[in-house]
Every structure is written in C-alpha cells, then in structure tokens.
Amino acid sequence: MDRFLIKNSSTRKHPLLVECTDTVTLPEKAKLRKNEDDSLLAEHLTWKEIRAEGLSCDYTLLYSKTEADVIFQQLEREITYFPEDLSRVQVYGKWHNVPRKQVTYGDDGLSYKFSGITLSPKPWIPLLNSIRDRVELATGHTFNFVLINRYKDGNDHIGEHRDDEKDLVPHSPIASVSFGACRDFIFRHRDARCKNPTRQIESQKLELANGSLLMMNFPTNVYWYHSLPVRKKVLAPRVNLTFRKIIPNCERKNTP
DNA sequence: TTCACCCCATTTAA
DNA sequence: TTTAAATGGGGTGA
C-alpha cells in the first residue's frame, strides 16, 4: 500500500510539511510536496505593495486555496479561544466584551497588553509553528508571538486602532495571515479622523482573502489606524493570525 | 419609496 | 494624550 500520512513538524525542522490528516497516494504526495515547495520559495510569491504617506504594507497569497481550506479546518479544530471574561477591554472608560474571539500563543515569558487587558500566551502548537515557519520563510522576519482573532461572521469585527504597544520590538513588522471568509480591511490616516481634517488623506481599503498574508511594516502603525468593519452579507467565519515580535519581559527597560 | 447597510463623528474617565 | 468599545445620524443604492 503506497499510502502514508503527511505529518506536521512539531520540531520546526520541516516547515515544508503542512499537517494533513488525509491519506494520499505516493504520486499525489510527490505532487503536493512539489507544489508546496514551489509556493514556499520566497521569490515565487507575487507581492502587491500598498504605499501611501507613512504607510507601507505588502500583500500576497501565501497559501493555495486548497492548502488554506485545510489549515482553516485545522485551526477550527485545534484552537481554543480565551473565555469571554478573560478578554474584556476598556474603551472610553467602559468595559466591553470584544465582538469576536481572541487567544494568544507565543514563547514563554512574553505578555501583550492593550485596552486594559494583559494577554499571556499559550505554548506554541505544531499547527501554529508550521504557519509561523511559512511566514518567516516568505518574509525573512522572525516572530515570537501570535494574536489570533476569530470573526464568526460579518457581525464580528474590530474597531479602528493602531498596533503601537510598548510590548512590540520597535520597528518590527506585523504579519497578518487570514483563513476562511474574505473580509474588508480599512486603513485610515490619523490626521483624517476628525470632523475638520487639516488634510484630505484617502482611506486605503483591502480585501484579506483566504490564505493571504499582509505585512504591516514600519511606520504604518505610527500614522495609520486599521479596522475590520461589520459586513452584514458575510455569513462565514474568518480566523486571523497576527504574528508579532514582543520584547521579552527580562529584556524590558524600565521607563521612568 | 424604503430600508438595510455603510460611513463616520461622538462618547469618556482612566 | 489616547481610546482594539457601542451608538446614532446621515447618505445611498438596490
């Protein structure tokens, strides 16, 4: 029987293998490996550059639809999110349940704070390490933390904000990987957010597709807010992973 | 026309 | 100084 299981790499030594519980025949496996190898080569990725004043982002399809569909199902099976009471945020002095589900994974000894909450990461699991490996191979950057947001349908959303937390390594890019439903993603310049803006700066609108990677490079998060707005017509869930580089607690400088 | 949807300004006390 | 939230008003197009 020329059948076997493609196994996931728990050691991060084999980033080329995507976890797959299906059995496939030998020729199919060889084909799969070749396609994966091809799409993994950084130089084979086609990037779309999104540029504006103070904004630098790069977008690509990191996974084929077939791969992305498999990974989405794996995420749905393997990721368990923080309970509601552990992910309430404080905005304008009021506490709210977030209109989505969240969880963080990452290296030991890290923590990420925003809007009144501190998120401590769960230990890495093979599935997330495999995605992280792929992102690192494609971008040449390394990451030690991932925030996962699950939007169950178009009513789940996230409001305008910047990823400008002290916990982030200065100037480090953030890698946003999307699975499941395609959603609109909006950038707005900080100087265009009041009633009488001093300058007219156009919003930047993107669609984040299944299997896509959006790199948010410095200094995007200094000048631009981003949001995932409500989209009533979207009925399917989306899972988004934002890989980050967090300053380890032990290396953190005391600010007076 | 109607109304669901989208855009966006406002809120607020830590 | 800023706000990872909801809310309500106005515009719009199917």
Side-chain angles (χ1 to χ4, degrees), chain A residues 52 54-55 57 79 81-106 110-121 143 145-170 172-178 181-208 214-216 218-247 255-256:
Chain A
L55 184 145
C57 293
I79 302 300
Y81 293 85
F82 291 140
E84 271 193 1
D85 57 300
L86 274 187
S87 58
R88 288 168 62 81
V89 297
Q90 199 178 27
V91 186
Y92 283 91
K94 291 181 179 168
W95 287 94
H96 303 272
N97 291 329
V98 295
R100 60 188 175 276
K101 284 183 177 172
Q102 311 181 313
V103 67
T104 56
Y105 289 77
L110 302 178
S111 67
Y112 189 57
K113 291 191 271 289
F114 66 86
S115 295
I117 54 166
T118 301
L119 300 177
S120 293
F143 304 91
F145 186 92
V146 63
L147 168 64
I148 306 180
N149 282 293
R150 182 181 188 274
Y151 305 88
K152 69 177 186 303
D153 58 31
N155 288 301
D156 275 6
H157 63 280
I158 193 165
E160 272 191 344
H161 68 283
R162 296 179 294 168
D163 294 337
D164 63 344
E165 300 304 319
K166 285 264 171 35
D167 299 329
L168 296 166
V169 170
S172 62
I174 293 173
S176 169
V177 187
S178 298
C182 184
R183 289 288 295 266
D184 289 349
F185 189 75
I186 315 288
F187 284 105
R188 257 172 108 200
H189 195 283
R190 69 181 185 187
D191 295 343
R193 295 175 76 241
C194 53
K195 194 156 83 174
N196 299 310
T198 50
R199 293 176 301 153
Q200 187 99 3
I201 304 172
E202 289 260 312
S203 295
Q204 301 286 322
K205 305 182 183 192
L206 302 173
E207 289 184 346
L208 301 183
L214 177 70
M215 292 300 292
M216 288 187 273
F218 183 83
T220 303
N221 278 118
V222 178
Y223 299 105
W224 293 77
Y225 288 69
H226 58 268
S227 64
L228 191 88
V230 169
R231 287 291 179 263
K232 298 286 184 183
K233 282 169 266 192
V234 175
L235 305 176
R238 166 176 181 262
V239 174
N240 179 65
L241 300 82
T242 48
F243 292 90
R244 298 147 191 270
K245 192 175 275 191
I246 305 285
I247 304 169
T255 45

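Here is how names work: the chains are called A, B, and so on, in the same order as the sequence lines, proteins then strands, and each is numbered from 1.
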Any donor-acceptor pair under 3.5 Å linking the side chain of A:R162 with the backbone of A:V222?
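Yes, the answer is positive, given that a donor and an acceptor are paired below the 3.5 Å cut-off.
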Ignoring hydrogens and geometry, is there a side-chain-to-backbone donor-acceptor pair from A:R183 to A:D153 under 3.5 Å?
yes
Does OP1 or OP2 of C:dT3 have a side-chain N or O of A:Y225 closer than 4.0 Å?
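So the side-chain polar atoms of A:Y225 do come within 4.0 Å of the phosphate oxygens OP1 or OP2 of C:dT3, strictly under.
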At less than 3.5 Å, do the side-chain atoms of A:Y92 and the base atoms of B:dT12 form a donor-acceptor pair?
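In this structure, the two groups form no donor-acceptor pair.
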In whole angstrom, give the distance that lies between atom [atom1] of [X] and atom [atom2] of [N].
| X | N | atom1 | atom2 | value |
| --- | --- | --- | --- | --- |
| A:H226 | C:dA5 | NE2 | P | 11 Å |
| A:E160 | B:dC8 | CD | P | 9 Å |
| A:F187 | B:dC8 | CZ | P | 16 Å |
| A:R190 | C:dT3 | CZ | C1' | 15 Å |
| A:I186 | B:dA9 | CD1 | P | 14 Å |
| A:R183 | B:dC6 | CZ | C1' | 13 Å |
| A:H96 | C:dT3 | NE2 | C1' | 10 Å |
| A:K166 | C:dT2 | NZ | P | 12 Å |

Would you indicate which nucleotide in [options] comes nearest to any side-chain atom of [X]?
| X | options | value |
| --- | --- | --- |
| A:R231 | B:dC7, B:dT11, B:dA9 | B:dC7 |
| A:Q90 | B:dC7, B:dC6, B:dA14 | B:dA14 |
| A:K232 | C:dT3, B:dC5, C:dA5 | B:dC5 |
| A:R188 | C:dA5, C:dT2, B:dA9 | B:dA9 |
| A:K195 | B:dC8, B:dC7, B:dT10 | B:dT10 |
| A:K205 | C:dT3, C:dA6, B:dC7 | B:dC7 |

How far apart are the closest heavy atoms of A:H96 and A:V91, and which atoms are they?
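That would be NE2-O, 4.1 Å.
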Could you work out the separation of C:dT7 and C:dT3 based on their C1' atoms and round it to a whole Å?
16 Å
Under 4.0 Å, counting only non-hydrogen atoms across every strand here, what does A:P229 touch: a base, just sugar-phosphate, or nothing?
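Contact class for A:P229: none.
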Within 6.0 Å of CD in A:E165, more than 12 heavy atoms from elsewhere
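Above 12, so yes.
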More than 12 heavy atoms from other groups under 6.0 Å of OH on A:Y223:
no
Set of residues satisfying side-chain hydrogen bond (donor to acceptor under 3.5 Å, both in side chains) with respect to A:N221, sequence neighbours excluded
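A:N221 satisfies side-chain hydrogen bond (donor to acceptor under 3.5 Å, both in side chains) with no other residue.
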Comparing A:H157 and A:G93 on DNA chain C - which has the more 5′ nearest nucleotide
A:G93
Determine whether the side chains of A:N149 and A:K101 contain a donor N or O and an acceptor N or O closer than 3.5 Å.
no
Dot-bracket for DNA chain C, 5' to 3', with Watson-Crick and G-U pairs under 3.5 Å, [ ] for crossing pairs and | for other-strand pairs: what is it?
.||.||||||||||
A:D167 and A:R244: CA distance, side-chain angles, deciding distance, salt bridge (Lys or Arg N to Asp or Glu O under 4.0 Å) verdict
CA-CA 10 Å; A:D167 299 329; A:R244 298 147 191 270; over 6 Å; no
